[in-house]
Amino acid sequence: MQAIKGTRDLLPPETALWNRVEQTAQEVFTSYGFGEIRLPIFEATDLFARSIGLETDVVSKEMYTFVDRDETSVSLRPEATASVCRAYIEDGMQQLPQPVKLYTIGPMFRRERPQKGRYRQFYQIDAEVLGGSDAPGIDGELIEMVMTFFERLGLQGVQLEINSIGDKECRPKYVELLRAELRKVKDKLGPDSQRRMETNPLRVLDSKLENEQKLIEGMPHIADHLCEGCAENYLGVKRELELRGVKYGENWRLVRGLDYYSRTTFEITAKGLGSQNAVCGGGRYDGLMELLGGPPTQATGFAIGEDRLILSLQEIGKTPAPPRRDVYIAWMGTRVYATAIRAAKSLRAAGFSVELPPIEQKFGKALGQADKLGARYALILGDNEVSSGEWTVKTLADGTQQKLTEPQLLDFLRKL
Ligand code: ATP
Ligand code: MG
């Protein structure tokens with residue numbers, strides 16, 4: 001049997017790195033007042049269709065959708081924001097002090113072509129700030145938080161790009177203008193862009209096709225068409241980033257792949273990832289809550305691609321050591337086994353990692369095994385040790401041996 005295409009097993013020691021990344025996220029996010037939300041893996045298909053948008057790649061061709069036994073259509077979640085908003089409304093979070101700050105970590109599902117940094121089951125670390133206001137300080141702090149997280153992990157080559165894509169007042173006018181300009185050069189565009197030009201012209205700006213670049217460069221920039229509110233908000237966000245010492249670049253072609261964004265959007269790239277180099281995407285989505293039947297609620301958030309984050313950390317040599325084993329217990333004789341079990345229990349309770357072989361082995365074989373596992377000490381327990389209460393401890397690196405009582409052994413290990 002084989003795992004399904006685009007899915008994979010995460011094994012030790014790599015999983016230790018995943019744990020460290022997630023633990024660091026929890027620490028950093030907690031210091032910014034975020035609480036954890038855990039969400040269902042599948043939801044009504046309609047939730048994603050309404051929020052992400054029917055014309056997006058994610059909804060139109062990448063979702064894992066099936067009809068449940070009661071005829072309702074359900075989908076594996078392709079992202080977390082829609083579920084967070086559903087939960088905000090359903091669980092009455094508008095009654096809480098605003099803004100509500102939430103994060104969540106877990107698997108997402110999109111049927112994409114698998115390649116390095118792109119999987120069908122992948123993992124996101126997601127944070128959202130819901131309610132309160134659209135004050136640029138909220139966007140500024142959110143971006144500062146993700147940059148702090150990356151810095152804490154030692155991620156390299158981190159680059160932040162920002163843009164404003166306007167709101168429901170100014171964006172439709174810009175989209176029409178863009179569409180009109182694109183129509184003028186329609187014949188020179190590829191089939192994807194020709195289609196997107198009609199369904200979702202902003203996505204054309206995202207094109208990576210070499211021969212389209214020059215044409216796109218000549219298109220009108222949204223920054224010149226923002227309404228007063230959006231222009232002021234965008235300026236405010238840039239000022240916030242400067243105040244917080246966050247370095248950024250502006251990219252007028254940065255549009256996100258999901259329809260719900262408005263105003264400030266951003267993307268963060270990192271080193272060692274080839275063409276799949278975006279490790280985080282995010283932005284403001286002030287209209288989404290109403291679209292889902294909730295009260296008008298200003299909101300902003302980001303999603304980090306955890307698989308890519310881990311890949312980038314591995315590229316720069318941040319690979320974790322194999323699982324640590326402090327003590328290997330080489331025991332011999334059925335009479336000794338009970339003492340070995342008790343010793344393992346008390347050493348583990350004291351925080352040490354202990355390997356206790358389940359069946360009796362010859363000493364030579366036991367020591368060889370201890371070596372292979374990379375244990376630092378072998379605790380040798382035979383009849384003599386048990387009757388005298390003096391245990392033999394062998395330091396595997398240099399082969400030295402000493403006799404220690406159980407309390408002395410604990411002291412000895414603690415000192416290291
Ligand atoms: P991309 O342009 O790389 O497809 P996206 O715009 O579809 O990304 P978002 O929906 O904004 O991505 O998701 C946020 C982050 O999740 C991305 O920046 C990326 O790191 C990660 N991500 C998205 N899709 C995948 C995938 N199929 N496999 C691994 N990571 C992914
Ligand atoms: Mg994508």
Side-chain angles (χ1 to χ4, degrees), residues 3-8 10 18 21-22 25 48 51-53 55-64 75-85 103-128 142-143 146-147 149-150 153 155 157-163 165 192 196 200 202-209 251 253-262 264-285 288 299-315:
I4 287 174
K5 190 174 166 193
T7 73
R8 64 214 174 107
L10 304 172
W18 285 76
V21 163
E22 290 170 15
F48 304 117
S51 57
I52 298 172
E55 299 297 339
T56 59
D57 287 351
V58 172
V59 171
S60 67
K61 54 187 196 215
E62 295 171 0
M63 270 203 310
Y64 285 94
S75 296
L76 299 184
R77 60 182 190 188
E79 53 104 56
T81 306
S83 303
V84 173
C85 290
Y103 75 89
T104 190
I105 303 175
M108 306 294 157
F109 306 85
R110 295 184 194 175
R111 199 171 195 292
E112 301 194 76
R113 191 170 67 77
Q115 50 195 294
K116 183 186 174 192
R118 195 176 289 287
Y119 312 98
R120 291 181 172 179
Q121 175 172 339
F122 62 101
Y123 295 79
Q124 283 186 340
I125 301 174
D126 180 278
E128 316 283 349
L142 183 78
I143 296 174
V146 60
M147 297 300 269
F149 169 53
F150 287 160
L153 289 173
L155 192 67
V158 178
Q159 273 176 345
L160 164 69
E161 283 190 338
I162 62 168
N163 190 23
I165 56 167
D192 277 347
R196 288 192 174 128
N200 195 350
L202 281 179
R203 293 292 288 166
V204 178
L205 302 182
D206 213 14
S207 160
K208 307 278 186 293
L209 293 180
N251 175 2
R253 285 176 57 177
L254 178 69
V255 294
R256 312 276 318 124
L258 318 176
D259 273 356
Y260 51 62
Y261 287 113
S262 59
T264 304
T265 53
F266 60 94
E267 197 163 270
I268 302 171
T269 52
K271 209 164 118 171
L273 294 170
S275 51
Q276 263 63 57
N277 65 349
V279 286
C280 175
R284 185 159 275 289
Y285 51 92
L288 180 55
T300 180
F302 64 71
I304 294 167
E306 193 177 359
D307 309 72
R308 294 184 194 173
L309 176 56
I310 300 269
L311 268 174
S312 183
L313 290 172
Q314 287 170 331
E315 293 283 332

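Whatever order the structure lists them in is the order used to number ligands and atoms, beginning at 1. Worth knowing before you read on, the calculation uses all heavy atoms, side chains too, and leaves out hydrogens, waters and symmetry mates. The structure displayed is predicted, hence computed values, not measured ones.
Checked by distance only, ligand 1 and E267 stay at 3.5 Å or farther apart across all their nitrogen or oxygen atoms. Taking only nitrogen or oxygen atoms, main chain and side chain alike, R118 reaches within less than 3.5 Å of ligand 1.
With sequence neighbours left out, the side chain to side chain donor-acceptor pair (under 3.5 Å) criterion links E128 to T81, Y285.
At the top of the distance list for atom 5 (P) of ligand 1, counting protein heavy atoms only, stands R110 NH1, 4.0 Å. Closest protein heavy atom to atom 13 (O) of ligand 1: Q124 NE2, 3.1 Å. Protein heavy atom nearest atom 18 (O) of ligand 1, with residue, atom name and distance: A278 O, 3.4 Å.
Between the side chains of E62 and Y64, no donor-acceptor pair is found at a separation under 3.5 Å.
Under 4.0 Å from ligand 1, not a single heavy atom of V58 appears.
Residue E112 has at least one heavy-atom neighbour below 4.0 Å for each of these atoms of ligand 1: 24 (N), 25 (C), 26 (C), 27 (N). Interface of A303 with ligand 1, defined as ligand atoms under 4.0 Å from a residue heavy atom, comprises 14 (C), 15 (C). Per-residue contacts place V279 under 4.0 angstrom from the following atoms of ligand 1 (heavy atoms of the residue considered): 18 (O), 20 (O).
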In residues 265-279, what donor-acceptor pairs under 3.5 Å come from side-chain atoms, sequence neighbours left out?
from: E267; atom 1: OE1; to: R256; atom 2: NH1; distance (Å): 2.5

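Assignment of E79 to the shell around ligand 1 is not supported, since no heavy atom sits closer than 4.0 Å.
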